[in-house]
Amino acid sequence: MSSPIIRVHWLEQSRAFRLLWLLDHLELEYEIIPYKRDAHFRAPPELKKIHPLGRSPLLEIEDRETGKKKILAESGFIFQYVLQHFDHSHVLMSGNSDIADQINYYLFYAEGSLQPPLMIEFVLSKVKDSGIPFPISYLAGKIADKISQAYSSGEMKNQFDFVEGEISKNNGYLVDGRLSGADILMSFPCQMAFQRKFAAPEDYPAISKWLKTITSEESYAVSKGKARALGSKF
């Protein structure tokens, strides 16, 4: 039975990079269909022709024999599907069911628990940098700080403390002391938190070292080169 055609509907400057990295680390052949953001840094309407939500990444799987296509959305689900259907050698997944459950947990945790407070912090930072004239800007900044203090910054610390502890007790990785799909999916929110100064690397040495370790993988450099060729900046 021939392997299917794999296509990544990829939006520049987005979390879709992680899917390229996943596929490259598994040494799978795939096509990239690129999309450019609009003037407001939003996804273009063309993506809605592929999936009603118009989000990225989207993974398209086409049967070579029948031409039947399947469109997969949501990063965690996409990762789970790829690991289940294509990682037969358990390169990024585990044949041990208990360890596999831990990996699958992080595929949902990344977007379900870790990403929300980071996104709120990001939105609040945009409020402060929106160019609103004084004195409205001062009031907007104060309100943003209050929201951050009441929910997102404290919740973000809670999540990062958890991740720091998990990496510390798993020999420098999230699960079982080795690279898995969980590490690749979790990389983006942690990188962004450090880059946007929502968290300080010196406060989370295990996470900081983990990021350096996993991004030294050859597959990361390969995917990075593809993303750069398509317009992403690193």
Side-chain angles (χ1 to χ4, degrees), residues 1-8 10 15-30 56-61 63 70-116 118 158-194 204-224 226-227:
M1 184 176 178
S2 60
S3 59
I5 299 170
I6 301 174
R7 299 186 182 94
V8 178
W10 177 86
R15 289 175 278 176
F17 170 78
R18 295 174 297 181
L19 181 53
L20 305 189
W21 186 7
L22 176 75
L23 297 173
D24 283 327
H25 197 85
L26 293 176
E27 298 183 344
L28 297 172
E29 293 186 5
Y30 64 95
S56 176
L58 296 172
L59 187 67
E60 181 178 342
I61 307 293
D63 188 297
K70 182 182 296 184
I71 301 295
L72 308 178
E74 297 298 335
S75 295
F77 175 66
I78 292 171
F79 266 57
Q80 187 180 57
Y81 183 93
V82 170
L83 293 171
Q84 179 181 348
H85 289 83
F86 298 106
D87 189 9
H88 304 299
S89 299
H90 299 138
V91 176
L92 293 172
M93 182 42 86
S94 176
N96 180 298
S97 61
D98 290 334
I99 296 173
D101 285 344
Q102 292 176 47
I103 294 171
N104 282 324
Y105 164 76
Y106 282 107
L107 302 185
F108 292 88
Y109 168 83
E111 300 288 314
S113 293
L114 182 58
Q115 192 64 44
L118 291 174
N158 182 43
Q159 301 298 336
F160 265 68
D161 287 348
F162 167 70
V163 175
E164 178 79 4
E166 293 299 297
I167 292 173
S168 297
K169 71 182 184 184
N170 282 291
N171 297 316
Y173 293 90
L174 285 166
V175 181
D176 198 33
R178 70 182 186 94
L179 184 73
S180 72
D183 298 287
I184 292 177
L185 193 67
M186 285 281 290
S187 63
F188 182 88
C190 294
Q191 286 175 318
M192 290 301 99
F194 285 164
Y204 299 100
I207 295 177
S208 183
K209 182 179 179 181
W210 163 74
L211 283 173
K212 291 176 183 176
T213 298
I214 66 175
T215 56
S216 67
E217 293 281 344
E218 182 181 354
S219 54
Y220 180 82
V222 170
S223 303
K224 197 173 178 179
K226 292 178 181 179

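- The two residues P4 and I61 come nearest to each other via the heavy atoms CB-CG2, 3.7 Å.
- I71 has its side chain out of reach of L59: every pair of non-hydrogen atoms, C-beta onward, lies at least 4.5 Å apart.
- Residue S97 holds its OG atom at 10.0 Å from CD of Q102, rounded to the nearest 0.5 Å.
- Here the CG atom belonging to N104 is positioned 6.5 Å from the CZ atom belonging to F108, to the nearest 0.5 angstrom.
- For the atom pair Q115 CD and Y109 OH, the distance stands at 11.0 Å (nearest 0.5 Å).
- If you take CG on L28 and CD1 on I6, they are separated by 5.0 Å, rounding to the nearest 0.5 Å.
- For the pair P57/R18, no side-chain contact is recorded, criterion being any heavy-atom separation below 4.5 Å from C-beta on.
- The side-chain heavy atoms of E217 and H25, taken from C-beta on, include a pair separated by under 4.5 Å.
- Under the 4.5 Å side-chain criterion, counting only non-hydrogen atoms from C-beta, M186 is in contact with L174.
- A donor atom on one side chain and an acceptor atom on the other are found under 3.5 Å apart for W21 and S219.
- Q159 has its side chain out of reach of V163: every pair of non-hydrogen atoms, C-beta onward, lies at least 4.5 Å apart.
- Here the closest non-hydrogen pair linking F17 and A227 is CD1-CB, 3.9 Å.
- Annotation: side chain to side chain donor-acceptor pair (under 3.5 Å) contacts of S187 (sequence neighbours excluded): none.
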Using distance only, find each side-chain donor-acceptor pair of residues 82-92 under 3.5 Å and give its atom names and separation, not counting sequence neighbours.
from, atom 1, to, atom 2, distance (Å)
H85, ND1, Y81, O, 3.0
D87, OD1, H90, N, 3.2
D87, OD1, V91, N, 2.7
D87, OD2, V91, N, 3.2
D87, OD2, L92, N, 2.7
D87, OD2, M93, N, 2.8
H88, NE2, H85, O, 2.9

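- Here the OH-CD distance, from Y106 to E166, works out to 4.0 Å after rounding to the nearest 0.5 Å.
- Judged by distance alone, the side chains of Y220 and D24 never bring a donor and an acceptor atom under 3.5 Å apart.
- Note that the CD1 atom of I167 and the SG atom of C190 stand 6.5 Å from one another [nearest 0.5 Å].
- Within 6.0 Å of atom CD in E27, 12 or fewer heavy atoms from other residues, nucleotides or ligands are found, so the atom counts as exposed in its surroundings.
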Output a table of donor-acceptor pairs, distance under 3.5 Å, between side-chain atoms of residues 205-212 and any protein atom two or more places apart or on a different chain; print 'none' if there are none.
from, atom 1, to, atom 2, distance (Å)
W210, NE1, D183, OD1, 2.7

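- I214 is listed as a side-chain neighbour of Y173, based on a closest heavy-atom distance under 4.5 Å.
- With a 4.5 Å cut-off on side-chain heavy atoms, L107 and F77 do not count as touching.
- Using modelled atom types, no side-chain atom of D176 and backbone atom of R178 make a donor-acceptor pair closer than 3.5 Å.
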Exercise for review: Any chance you could lay out the side-chain contact (heavy atoms from CB on, under 4.5 Å) test for L19 and Y30, step after step, and finish with the verdict?
Suggested key: CA-CA 11 Å; L19 181 53; Y30 64 95; over 6 Å; no

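- Scanning all heavy atoms of the two residues, the minimum distance from L118 to A193 falls at CD2-CB, 3.7 Å.
- Of all heavy-atom pairs spanning S94 and A100, the tightest one is O-CB, 3.7 Å.
- For E111, the CD atom is densely surrounded, since the number of other residues' heavy atoms within 6.0 Å is greater than 12.
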